[in-house]
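Here is the naming used below: chain letters follow the sequence lines, and residue numbers restart at 1 for every chain. Model, not experiment: these values are computed from the prediction.
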Amino acid sequence: MTTENASHDFIRKIIDDDLATGKHTEIVTRFPPEPNGYLHIGHAKSICLNFGIAAEYPTTRCHLRFDDTNPTKEEQEYIDAIKADVRWLGFDWGDNLFHASDYFEKLYEFAEHLITTGHAYVCDLTGDEIREYRGTLTEPGRESPYRNRSVEENLDLFRRMRAGDFPDGSRVLRAKIDMTSGNINMRDPVLYRILRASHPRTGDAWCIYPMYDYTHPISDALEGITHSLCTLEFEDHRPLYDWTLNHLPIPCHPRQIEFARLNLSYTVVSKRKLLRLVKEGKVSGWDDPRMPTLSGIRRRGFTPAALRDFCTRIGVAKKDSIVEVELLEHCLREDLNENAARVMGVLEPLKLVITNYPEDEVDSLTAQNHPQNPEMGTRQVPFSRELYIEQADFMEDPPKKFFRLGPGREVRLRYAYIIKCEEIIKDEAGTIIELRCTYDPATRGGDTPDGRKIKGTIHWVSAQHAVRAEVRLYDRLFRQADPESEGDFMECLNPDSLQILDHALVEPSMGMAEPGRNYQFERQGYFCLDNKDTQPAHPVFNRTVTLRDTWAKVNKTV
RNA sequence: UGGGGCGUAACCGAGUGGUUCAGGUAUGUGGCUUUGACCCACAGUACGUAGGUUCGAAUCCUACCGCCCCAGCCA
């Protein structure tokens, strides 16, 4: 739904205008991925734009169309993954699922029409020769010697191209436009090439395949698309888009509008580069939780709502830009803070014994699942004499501002008791291996009946009840904000982008953690069960994002 | 030296002649707190540059500067 005072981006303004003037009474957009790889967060921007518009205006729809005109790169696996990703993001194309390959026959007929009307010809130049004849950015091109073949000869040749009479790459069909155009796309662009490759949908029915610049406008027009939204690099192609439709007997002429693609700091958003990360083993696969792919992000624990929110917040404009990843994290935290149930988990455990607590006693304490939202209920957490706390929550020689545990200091155990550190046990190497504390029985639940202020509250688990877990901490994949601009992006990979903690201990309720759910490990961050590597007796948690940590910042500057 | 675009604070991004340029993020400072979280309050720097038109310009004009894209039988 459109909010009344929400400022519209320039594309929505064009649409508003087209509706107001009566140019259109219904709006049709489309998301046209090529099934040659996995969708990433950059695609999310386009999906949210196209499907978002469809959701905002009353008589509007958005098509999902696979741009499958290059069978050498495209696979059914990608088609399936893309559909799953779009659905996961929360969008529904209903009956409007299309493939450019659905139009192969029509595309072919239109090509014959272009030939018949003298606007296309079969060219026998080799690839190298075509490049040579094309000229350069500053010099005009030269006309192909095959440019002025008769309509009959062109038609015959083109039909024989389709029939398979010629070897791959031996001939192409070209548009006859203008070899001297300053816009290189208009220098007789290739429309069809001979390619003996099996297509995921049409199999071996074709040995010629149409090019993007020819296919796209026609596909759009056949589907009645009103606004064809694409990224900035296609701006130069718009004249060809329009030329194609102007020379064909198609009544519909969609308007192509270009916007800036999404760039995100500390990551790369390019299929080619992502593919390299996968191929060179820098990540575990397309769905590695550090990848900006939708599958990676999903596995990491990002929510569709956060992603959609992010896409609306970054806006749509024509300026090249790099959005800070902090904004994405903010959107995520905002959603997770509101919706994730709180639990306690100790990532790097330090044993703590409460010396004045009875040996065999086990208490059951009530903890809130969400302090700001009582409707999410409570749970019981077992408490006993031996506990584990976070190593980082104890310092033998703490600075003044450190208000966690230290020798002789008091701290609150979340939902449990106020304890005081009485003794430190070290091993022979001098490493602290255990803390001996006393508890104040009057503070059960964490309250202080005497009104004394306890600044620090830390999380804990009961030693005999805790569940052992593997926890994977992720950090940004690159060390530089703009890895794409600094030479080879592979060289600024962050070596610490993944840290595996094998001895984490989580509260017993997490033994029944649900796949696909987000949890907040209090004071740590948001986590979710890894859907791939979790085994029945071996839970694996991915850290989706940390909590904001002001202390870490203060601590760093000191 | 060709063609197409873009320049508003640290980062996105509204604004299209009229009081001291929305909003968000980031940053900083306070407050609150049984998560150093959340939340709340406050703070700061911007219209690429130079001219011009105008009572008045980020908005109009001119020139300049900077950045991005294009020479696949990829999309």
Side-chain angles (χ1 to χ4, degrees), chain A residues 5-9 32-34 36 67 69-70 72-74 123 125-127 130-132 134-141 168-174 180-187 189-195 208-209 211-213 215-216 230-239 258 260 265 271 313-331 333-334 337-338 342 344 367-368 371-372 401-404 412-416 418 443 445-448 454-459 481 520-525 546-555:
Chain A
N5 291 322
S7 59
H8 272 188
D9 56 71
E34 182 191 11
N36 69 341
D67 228 325
T69 57
N70 185 357
T72 63
K73 292 186 177 173
E74 296 150 7
C123 182
L125 255 26
T126 65
I130 286 183
R131 190 179 313 126
E132 226 180 286
R134 188 154 34 221
T136 68
L137 293 179
T138 51
E139 298 158 21
D168 284 10
S170 60
R171 283 173 226 262
V172 293
L173 182 72
R174 292 227 254 167
T180 67
S181 173
N183 182 344
I184 292 175
N185 294 301
M186 299 300 269
R187 320 235 263 229
V190 171
L191 266 26
Y192 268 91
R193 75 281 215 189
I194 303 173
L195 211 59
I208 56 171
Y209 289 96
M211 301 289 288
Y212 166 85
D213 281 316
T215 309
H216 210 84
C230 62
T231 43
L232 251 29
E233 68 269 27
F234 291 101
E235 212 147 15
D236 286 344
H237 297 241
R238 185 168 9 111
E258 311 83 13
S265 63
K271 275 187 204 168
R313 292 206 206 198
I314 58 176
V316 180
K318 296 196 70 159
K319 185 175 70 170
D320 288 313
S321 61
I322 302 177
V323 176
E324 292 178 331
V325 73
E326 286 85 348
L327 177 59
L328 213 209
E329 292 173 347
H330 168 82
C331 295
R333 289 189 182 114
E334 194 171 84
N337 176 54
E338 192 175 326
R342 267 107 246 236
M344 290 195 282
Q368 293 175 275
Q372 277 75 47
K401 293 263 193 144
F402 183 88
F403 41 82
R404 277 112 97 150
R412 170 165 38 236
L413 294 177
R414 180 78 155 154
Y415 297 122
I418 310 299
T443 59
D447 296 315
T448 50
I454 301 294
K455 189 79 171 154
T457 300
I458 65 175
H459 58 278
Q520 184 195 97
F521 287 8
E522 289 204 48
R523 305 207 310 128
Q524 294 286 173
T546 61
L547 250 28
R548 284 193 56 170
D549 191 349
T550 335
W551 166 245
K553 251 178 245 169
V554 172
N555 203 25

**Report entry** Stacked pair Tyr212(A)-rA75(B), distance under 5.5 Å, angle under 30°
**Finding:** no

**Report entry** Proximal nucleotide (of rC74(B), rG3(B), rU35(B)) relative to the Lys73(A) side chain
**Finding:** rC74(B)

Query raised in the report: Which part of the nucleic acid does Pro239(A) contact within heavy-atom distance under 4.0 Å: base, sugar-phosphate only, or nothing?
Result: nothing

Query raised in the report: Hey, is the main chain of Asn185(A) close enough, under 3.5 Å, to the side chain of Asp236(A) for a donor-acceptor pair?
Result: no

Report task. Assign Asn70(A) to base, sugar-phosphate, or nothing according to its heavy-atom contacts below 4.0 angstrom with the strands shown. Result -> sugar-phosphate

Query raised in the report: Just by distance, do the side chain of Thr136(A) and the backbone of Glu139(A) share a donor-acceptor pair under 3.5 Å?
Result: yes

Requested in this report: Under 4.0 Å between any heavy atoms, over every strand shown, what does Leu125(A) touch: base, sugar-phosphate, or nothing? Just pick one.
Outcome: base

Report task. Quick one: pull up CD1 in Ile418(A) and OG1 in Thr457(A) and give me the separation to the nearest 0.5 Å. Result -> 7.0 Å

Requested in this report: Would you indicate which nucleotide in rC11(B), rC12(B), rG2(B) comes nearest to any side-chain atom of Ile184(A)?
Outcome: rG2(B)

Query raised in the report: Would you say a side-chain N or O of Arg238(A) is under 4.0 Å from OP1 or OP2 of rG3(B)?
Result: no

Query raised in the report: Within less than 4.0 Å of OP1 or OP2 of rA37(B), is there a side-chain N or O belonging to Thr550(A)?
Result: yes

Requested in this report: Rounded off to whole Å, could you give me the CD-to-P distance for the Glu235(A) and rC69(B) pair?
Outcome: 13 Å

Query raised in the report: Has Lys319(A) got a side-chain N or O lying under 4.0 Å from the OP1 or OP2 atom of rU8(B)?
Result: yes

Query raised in the report: So what does Phe234(A) touch, heavy atoms closer than 4.0 Å: a base, only the sugar-phosphate, or nothing?
Result: base

Query raised in the report: Is the distance from OP1 or OP2 of rC38(B) to the nearest side-chain N or O of Arg333(A) less than 4.0 Å?
Result: no

Query raised in the report: Nearest nucleotide by nearest heavy atom, which residue falls closer to the 5' end of RNA chain B, Arg414(A) or Tyr192(A)?
Result: Arg414(A)

Query - Distance-only donor-acceptor test, Glu329(A) side-chain atoms vs rU25(B) base atoms, 3.5 Å - result: no

Report summary line: Picking from rA14(B), rC70(B), rG36(B), the nucleotide nearest the side-chain atoms of Phe402(A) would be rG36(B)

Query raised in the report: With Arg412(A), which of Ile458(A), Ile454(A), Thr443(A) fulfils side chain to side chain contact (heavy atoms under 4.5 Å, CB included)?
Result: Ile454(A)

Report summary line: Lys271(A) atom NZ is separated from rC74(B) atom P, nearest whole Å, by 15 Å

Requested in this report: Answer yes or no: side-chain N or O of Asp549(A) and base N or O of rG36(B) forming a donor-acceptor pair under 3.5 Å.
Outcome: no

Query raised in the report: Base, sugar-phosphate, or nothing for Leu327(A), non-hydrogen atoms under 4.0 angstrom?
Result: sugar-phosphate

Query raised in the report: Between atom OH of Tyr415(A) and atom CE of Met344(A), what is the distance when rounded to the nearest 0.5 Å?
Result: 8.0 Å

Report task. Specify the residue among Val172(A) and Arg404(A) whose closest nucleotide of RNA chain B lies further upstream toward the 5′ end. Result -> Arg404(A)

Report task. Please check the phosphate of rC74(B) (OP1 and OP2 only) for any side-chain N or O of Arg193(A) closer than 4.0 Å. Result -> yes

Report task. Could you check whether Gln520(A) gets within reach of a base, just the sugar-phosphate, or nothing at all, counting any heavy atom under 4.0 Å? Result -> base

**Report entry** Between rG3(B) and rG44(B) - C1' atom distance, rounded Å
**Finding:** 43 Å

Query raised in the report: Given atom CD of Glu139(A) and atom P of rG3(B), what is their separation to the nearest angstrom?
Result: 14 Å

Query raised in the report: When we call it a touch if two heavy atoms are under 4.0 Å apart, what does Val325(A) touch: a base, just sugar-phosphate, or nothing?
Result: nothing

Query raised in the report: So does Thr69(A) get a side-chain nitrogen or oxygen closer than 4.0 Å to the phosphate oxygens (OP1/OP2) of rA75(B)?
Result: yes

**Report entry** Heavy-atom donor-acceptor pair, Thr546(A) side chain to Gly525(A) backbone, under 3.5 Å
**Finding:** no

Query raised in the report: Looking for any heavy atom pair under 4.0 Å, which part of the strands does His216(A) touch: base, sugar-phosphate only, or nothing?
Result: nothing

Query raised in the report: Distance-only, no hydrogens or angles: does the Arg187(A) side chain make a donor-acceptor pair with backbone N or O of Ser181(A) under 3.5 Å?
Result: yes

Requested in this report: Give a yes or no on whether a donor-acceptor pair under 3.5 Å exists between the nucleobase atoms of rU25(B), that is its base, and the side chain of Arg313(A).
Outcome: no

**Report entry** Lys553(A) vs rU27(B): side-chain N/O to OP1/OP2 distance below 4.0 Å
**Finding:** yes

**Report entry** Glu522(A) side-chain proximity, nearest of rA75(B), rG2(B), rU35(B)
**Finding:** rU35(B)

Report task. Run the numbers on Arg313(A) and Glu334(A) for salt bridge (charged side-chain N to carboxylate O under 4.0 Å, His left out), then give the verdict. Result -> CA-CA 13 Å; Arg313(A) 292 206 206 198; Glu334(A) 194 171 84; 2.8 Å; yes

Query raised in the report: With a 4.0 Å cut-off on heavy atoms, is Gln372(A) in touch with a base, just the backbone sugar-phosphate, or nothing at all?
Result: base

Query raised in the report: Just checking Arg342(A): base, sugar-phosphate only, or nothing, at a heavy-atom cut-off of under 4.0 Å?
Result: base

**Report entry** OP1 or OP2 of rC73(B) under 4.0 Å from side-chain N/O of Arg134(A)
**Finding:** yes

Query raised in the report: So, does Thr69(A) use its side chain to make a donor-acceptor pair with the main chain of Met211(A) at under 3.5 Å?
Result: no

Query - Minimum-distance nucleotide (side-chain atoms of Ile322(A) versus rA37(B), rC12(B), rC69(B)) - result: rC12(B)

Query - Under the salt bridge (Lys or Arg N to Asp or Glu O under 4.0 Å) test, residues paired with Arg342(A) that sit two or more places apart - result: none

Query raised in the report: Hey, does Glu235(A) have a side-chain heavy atom less than 4.5 Å from the side chain of Lys318(A)?
Result: yes

Query raised in the report: Tell me: CG of Asp320(A) to P of rC12(B), nearest whole Å?
Result: 10 Å

Requested in this report: Quick one: the dot-bracket string of RNA chain B, using Watson-Crick and G-U wobble pairs with both distances under 3.5 Å, [ ] for crossing pairs and | for bases paired to another strand.
Outcome: .(((((((.[[[..)..(....]]].(((((.......)))))....[[[[[..)....]]]]])))))).....

Query raised in the report: Which nucleotide sits closest to the side chain of Glu34(A): rC74(B), rU35(B), rG4(B)?
Result: rC74(B)

Report summary line: Testing rG13(B), rA75(B), rG2(B) for proximity to the side chain of Met211(A), the answer is rA75(B)

Requested in this report: Round to the nearest Å and state the distance from Leu547(A) atom CG to rG36(B) atom C1'.
Outcome: 10 Å

Report task. Evaluate the ring planes of Phe234(A) and Tyr212(A), with Trp represented by its six-membered ring, and classify them as parallel (under 30°), tilted (30 to 60°) or perpendicular (over 60°). Result -> tilted

Report task. Under 4.0 Å between any heavy atoms, over every strand shown, what does Asp447(A) touch: base, sugar-phosphate, or nothing? Just pick one. Result -> base

Query raised in the report: With no hydrogens and no angle check, is any side-chain donor or acceptor of Arg414(A) less than 3.5 Å from a backbone partner on His459(A)?
Result: no

Query - Listed nucleotide nearest any side-chain atom of Arg131(A), set rA71(B), rC74(B), rC11(B) - result: rA71(B)

Report summary line: Readout for nucleotides 39-49 of chain B: B = base within 4.0 Å of protein heavy atom, S = sugar-phosphate only, - = neither; 5' to 3' it is -----------

Query - Closest to side chain of Val323(A), choosing from rG4(B), rC12(B), rA37(B) - result: rC12(B)

Requested in this report: Identify which nucleotide among rA75(B), rG13(B), rU35(B) has an atom closest to any side-chain atom of Arg523(A), counting heavy atoms from C-beta outward.
Outcome: rU35(B)

